Structure formats: C-alpha cells, structure tokens
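Notes for the one structure printed next.
On a predicted model such as this, the values are computed, not experimentally measured, just so you know.
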Amino acid sequence: MPRNFPLEKCRNIGIIAHIDAGKTTTTERILFYSGRTYRIGSVDDGTTVTDWMVQERERGITIVSAAVTAGWKGYQINVIDTPGHIDFTAEVQRSLRVLDGGVVVFDAVQGVEPQSETVWRQADRYNVPRICFVNKMDRTGASFDYTISTIKSRLGANPIPMQMPIGSESSFKGMIDLMEMQAIYFEDELGKEPKVTEIPDDLKPQAEEMHQQMIEKIAELDDDLTMKYLEGETISIPEMKTALRTAVLHNQVTPVFCGSSLKNKGVQLVLDAVIDYLPSPLDVPAVKATYIKNDEPVEFPAEDTAPLSALVFKIVSDPYVGRLAYIRVYSGKIATGGMVYNSSKGRKERIGRLLRMYADRREDIDEVGAGDIGAVLGLKDSFTGDTLCEVDNPVVLERITFPEPVISIAIEPKSAVDQEKMANALQRLTEEDPTYRVHSDENTGQTIISGMGELHLDILIDRLKREFHVQANVGQPRVSFRETINRPVKNFSYKYVKQSGGHGQYGHVVFDLEPLERGKGIVFENKIVGGSIPKEYIPAVEKGIKEAVDSGALGYPVTDLSIRLVDGSYHEVDSSEMAFKMAAIMGFREGMQKGGSVLLEPIMKVEVTIPEEYLGEVLGQMTSRRGEILGTDIHIGNTQAVRGMVPAAEMFGYATELRSGTQGRGVFTMEFDHYAPVSESVKEKLLSK
C-alpha cells in the first residue's frame, strides 16, 4: 500500500510538560480540529481519547503515553501524549527517543516547573527540536512574559515569542501573530473558526516593538539576513520562516506560542507551527546503527529502499488482541506477514498484523515505512529497546536507558490460585514498563516489586487487581538502599580451597576495589596478564562478582564501584568454574568489609509550592524529614516554591502531612536525584531490622 503522505509531509511529535500543564487537553483539541473526533473530550469528565485507562480517568492524570495520528493541511502528524508525573518519566524518555520533535506545554501561571525541567533535559539528551506553547492564558495570574523569562533563566533556552496575547486572565481573547502582524480572535465556543483582523490601535505600539525584536532575533540566526537587517532592507516572511526553521532543527532557538486549550484558543496555530518549524523524518540526522558482525558503525537514511532498522519502544498487553509492540521504523519498511530479525535477542520474528494506533483503538495497515510509527501484533521475543532489522543485514540501534527504581513493596498472593496468576501478571507488567523490577527475597521468600514512586506502585497494584484479577496482600513501601565502599582496596587476595576425597576445589583471585563517583554503577575489568588465571575461568569470576554485587556485605545491592581482577592462581586438577565463582563471591564480600562498606540511600529532589503564609510550616516539615533546603523562589500570585533534597525514606506519607499543614493548598513534586551515605544512627537502625 503506498504512503498516504510523502515523507516530508510527516511529523512525529510528542506533547511533553509538567503534570497538569494541559498536555492531554491540548492533544484532545488537536484531534478535534483535525477532524479525528467530533466532540471535545474532557480530562475532568474522563472522556478524553488518550487517557483511556480506568486509572487515568479516575485520577485525571496521564499514566501511559498514547499514540494518535491526525491530518492537518495535507500533513500527517503522529502525536504521542506523554505523562507529566515524575513516577512515569520512563514513558517520556522512551517516547522522546523515537520522536523527531516536541511541543513543550507550560502553565502560564507557574511558568517552568520541576518536571518541565526534567522533560526539557530529556529532550536535550536526544537532541529533539521543540516549540513552546504557553497554555492557560485565561487563568488568574497568567503571564506570558513571566513564563518566557523562566524558560530563559531555568532552562537556559533561547525563546523567541511568535505571538503577543490579546488580554490576559478572564479577558484573554486571542493573540497577535508577530510574523504576519495580524490579530486572531477565537469568538465561537469551540474555537473552530478563528477570526483574523487588523491589530487594534491601542496594541499596535507594543506589537510593533515585539515584531522588531522578533525580526532582530531571527536575523541573528542567518548571516545573509544579518547583512540585510544591518543595511535596513526588508526581510520577507518566507526568509524569516526558513531561517527560523533551520535554527529550530539545530536546537538553537525555540519559538513560543500562547493560548488556552481548555477555552479552545490557539491550538490550530500550534499545529501550523508544527508543520512550519518541526522536522520531518527527512530533516533529522540519519539513524546510527552498528553492524553485529564487526561492530562497525553505519548510518541509514530515512528511505523505504534502505536496509531495515526499527526500534521497539513500548510494549502494551492488550486484553483483546494480546501483546502489542510499538515500533519506530527509521529506515526500510515492515510489511504484514514479513519476516524480521531481532538482533538484540538473535531471534527471527514474523509480523502478524500491523496497526495504526489511535490511543486504545487501532486500524489495520499493510506496511509501516521509513520515518513512521506503528504497532505490531505477533512478536513473541521482542521487548522495549530491541532492534528489528533484516535477517541478512543484522544491525543494532542504541538501546533506551531507564532510571533505577527507588521504592519497593512486598506482595504475596492470597491463595494458591492467585500464585500463578500473579506471576504471569507481573511478568506482563514488567514487559510493559521497564522501570518496574520484580525479584524474590531469599531471606523471607516474599516477592518484591520496585518502582519509581508510591503512585507508580499504587497503579501496578491497582492493575493487578482490576485487569488480571489477582488478589494479593501488600506490605509497606520501603526504600531501595545501596552499598559501596569509602576507601580503595589494593591487591586483596582470596583463596577458595576445599578437599573432599578425589578432586578438590581450588580458586584464587586477587583484585582491586575502588569507589567511583555517584551514578557510575558497577565496572568490572579483567587485568590478568600472563595467564595466571586461564581464560576459561574469567567468565566464572565475573559471574561470581555479579552475584555478590546483588547482596553486598551488608545485604544490599552494591553500586558505584570499580572491580579490577589483577592476579590469581589455579590448580591443574582441582580448579573449576565453580571454584573460581565461589572465590569471587566470598572474596568480594570480604574485600567490601575491608574497604569500609557504606550504606547509601536515595535522595529526592523535592519542590513544594504553597501560598506564602505557609512557608514556615513547610520549611519545618522538610527539616523534620532530614531535608536540606536549597532555596525558595517567589512565583506570581503570592506563592512560594521551596526547593530541597530529602531522603526518599522520609517522604512516605508527606502528601497527607502537606495537605493538612496547608489546608489542602500545597502541592509538591519529587524525583530521584542521587544516592548519598546514610548517617550511622540510620545505618544501625536498618541493619538491626
């Protein structure tokens, strides 16, 4: 089946923002104005297209990213509506990995909020060009200028206002297009037919000033335009749009638009900007891959005729059709009934059905071409981050990395019948969300599930009960502590020797342990020279180290540590893989004790927004929870934002305390920042348990 749209007329974009900035409401308007829906859904009423899960509609938040496709002025726009809550940051991360552009939504009252910074940094990491939409211009305290100033100061971005709001708060009526220099009003209730008029006389001086500032900023982006500007020549609108588009594609500037999605004002102009300034798959750099055979790098252009390279970026367990794999095809094409090769797993996979997703609904299609996003039914061994390619041309794309979970709970089935159901359900849920972890506690026999926060785990438990009908008892949440050492250990030697009639066991290892910077994880290096340990035993040593790392010397997983195997010895008869593995395990534990084992706890970056009169109360709350206050910011509307670092273990139940201490007017966000050593008193309390 030929493409409905040429590739240059395709856009793959994400709607990204802090929680409650209006992402889902904006996406709902995109679907309505593009003709994909015939009524506007409401987050409050639970009638939106992209928030289709029961849990999303009950809570009024986005939990999983949802993909929809819309047409606008002859262009195909694939839109992914992403969550704003930090517990679901992995959904944003994997969406940004496969998107070409982003629309970052800001609340006009709050400006840049904590999660706005997080998603902005994630977009920076993947070099995603973006435009900004300052939403909620109709709210009390809304300020277009304040939001732009926070985009500069907090994000270090280079915003260019493309519009000037007409009115603000309850009197917000529309905006002035600074490029075309015309006023646009949204007078009908649904905002379907914007009314374009001349700029009112009282707004002309300010509009002219902002217009000149915009021209100056755009002229700076292009040498030819700079010369024209300095020589006093007129720069045409097509010239400005071309220069601005080029700068956006290179992440040099960010055009800023304004409106109110809830009041149906300004969304069509954002869609126009998506077409004008955000990239098509042809505008982004060719995808980088690596040949499996020789580790040689290779780049593939976004062409249907190029070798196939596609990334599985999301798995969804659909109750009706089974396991759905969302894919982004970078080059080549995938057709229904065809055979592909999963180079990450070394398995061939047959394509059962190909689907164009519309949130939880779907349309059958025959193929997904280069630059497009679709979903596949029938993949058995492919999971998030896996590469799909041609059988005779195996390549691998860069995998998606996810943050480590920081909070855990124990869960056990209520009956033997629930035991098997729970195991199957947990497997399916961890396939869907790579930030869930499941393991068994060897000491208690309990099943432990870990996630990014209390809400994250709450959703998992809710889905277990509703979707999979598993009845389970749930323990109290607990924090994922880690271990490391505080001093290097050089040439630590350990011999594992056992004699038991016949063959004995002999394994001797010598290694260095060295603490690393926070966040570096575990690094194992084999520095054996001269064959003091035969090559065939090295994997056994590494396997033993990996096992020992899981429980450390104090019983917690080890992190931020370099392990170098530097020497050892073997016995021609008694040495075996098992002997070297045991030597590595027991030697590592003793080495950790010699290095001064340190217990680390996750520290959360917390921001609390409250009316000014509750500032003292909140500072007291954070201090009592072992928090370190980093500073306070004054927001518009007499509100204060308190920023601090607080141990994750102290944040349980904080939502309730904050509500009671601020008469329900305080809100907070938190995200994992780093691991830090715990105090001796906390360490003793933990180890005594």
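- Residue Phe524 places its CZ atom among more than 12 non-hydrogen atoms of other residues, nucleotides or ligands, all under 6.0 Å distant.
- Proximity of Lys535 to Ile528: side-chain heavy atoms (C-beta onward) are nowhere separated by under 4.5 Å.
- Annotation for Asp372 and Gln76: closest pair OD1-NE2, 3.5 Å, computed over non-hydrogen atoms.
- Here Ser343 pairs with nothing under the side chain to side chain donor-acceptor pair (under 3.5 Å) rule; sequence neighbours left out.
- The salt bridge (Lys or Arg N to Asp or Glu O under 4.0 Å) analysis of residues 386-398, with sequence neighbours excluded, yields the pairs Lys345-Asp386, Asp386-Arg399.
- Shown here are the salt bridge (Lys or Arg N to Asp or Glu O under 4.0 Å) partners of Asp550, two or more places apart in sequence or in another chain: there are none.
- Salt bridge annotation for Asp283-Arg245: present, with a cationic side-chain nitrogen under 4.0 angstrom from a carboxylate oxygen.
- Under the 3.5 Å distance criterion, the side-chain polar atoms of Thr336 are left unmatched by any main-chain donor or acceptor of Arg353.
- Here Lys288 pairs with Glu299 under the salt bridge (Lys or Arg N to Asp or Glu O under 4.0 Å) rule; sequence neighbours left out.
- Side-chain atoms of Ser309 and Ser331 include a donor-acceptor pair closer than 3.5 Å.
- Under the rule for a salt bridge (Lys or Arg N to Asp or Glu O under 4.0 Å), the partners of Asp276 that lie at least two apart in sequence or sit in another chain are Lys241.
- The closest donor-acceptor contact from the side chain of Arg589 to the backbone of Ala548 lies at 3.5 Å or more, if one exists at all.
- Within the 4.5 Å cutoff, side-chain heavy atoms of Arg97 are placed close to those of Leu311.
- Other residues, nucleotides and ligands contribute only 12 or fewer heavy atoms inside 6.0 Å of the NE2 atom of His250.
- Taking the side chain to side chain donor-acceptor pair (under 3.5 Å) definition, one finds that Arg11 meets it with nothing, sequence neighbours left out.
- Salt-bridge annotation for Asp100 and Arg130: absent, with no side-chain N of the basic residue lying under 4.0 Å from a carboxylate O of the acidic one.
- Here Tyr330 pairs with nothing under the ring pair (Phe, Tyr, Trp, His ring centres under 6.0 Å) rule; sequence neighbours left out.
- Contact check on Lys543 versus Glu577 returns no salt bridge, with no Lys/Arg side-chain nitrogen under 4.0 Å from an Asp/Glu carboxylate oxygen.
- Side-chain contact between Asn393 and Phe300: present, with at least one pair of heavy atoms (C-beta onward) separated by less than 4.5 Å.
- In this view, Ser562 and Arg564 satisfy the side chain to side chain donor-acceptor pair (under 3.5 Å) rule, not counting sequence neighbours.
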Show which side-chain atoms of residues 374-382 pair as donor or acceptor with protein atoms under 3.5 Å away, not counting sequence neighbours.
from   : atom 1 : to     : atom 2 : distance (Å)
Asp381 : OD1    : Arg347 : NH1    : 3.3
Asp381 : OD2    : Arg347 : NH1    : 3.0
Ser382 : OG     : Asn342 : ND2    : 3.0
Ser382 : OG     : Glu349 : OE2    : 2.9

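- Counted within 6.0 Å of CD on Glu525, heavy atoms from surrounding residues, nucleotides or ligands total more than 12; the atom is thus considered enclosed.
- Not counting sequence neighbours, Asp567 has no partner by the salt bridge (Lys or Arg N to Asp or Glu O under 4.0 Å) test.
- Note: Ile365 CD1 to Ile334 CD1 = 10.5 Å, rounded to the nearest 0.5 Å.
- Remark: Met339 CE is packed, more than 12 non-hydrogen atoms of other residues, nucleotides or ligands lying under 6.0 Å away.
- Geometrically, Lys9 engages Tyr75 in a cation-pi contact, judged by NZ or CZ lying under 6.0 Å from the ring centre and within 45° of the ring axis.
- The shortest side-chain heavy-atom distance between Ile292 and Val395 does not fall under the 4.5 Å cut-off.
- Using a 4.5 Å cut-off on side-chain heavy atoms (C-beta onward), Asn12 and Val98 make no contact.
- Residue pairs that meet the ring-ring contact (aromatic ring centres under 6.0 Å, His included) test with at least one member in residues 530-549, sequence neighbours left out, are Tyr537-Phe580.
- Using modelled atom types, no side-chain atom of Thr430 and backbone atom of Arg437 make a donor-acceptor pair closer than 3.5 Å.
- Using a 4.5 Å cut-off on side-chain heavy atoms (C-beta onward), Lys314 and Ile327 make no contact.
- Residues forming a side chain to side chain donor-acceptor pair (under 3.5 Å) with Asn294 (at least two apart in sequence, or on another chain): none.
- Counting non-hydrogen atoms of neighbouring residues, nucleotides and ligands closer than 6.0 angstrom, the NZ atom of Lys421 exceeds 12 such neighbours.
- The closest side-chain heavy-atom distance from Ile461 to Ile449 is below 4.5 Å.
- A heavy-atom distance below 4.5 Å is found between the side chains of Tyr570 and Pro534.
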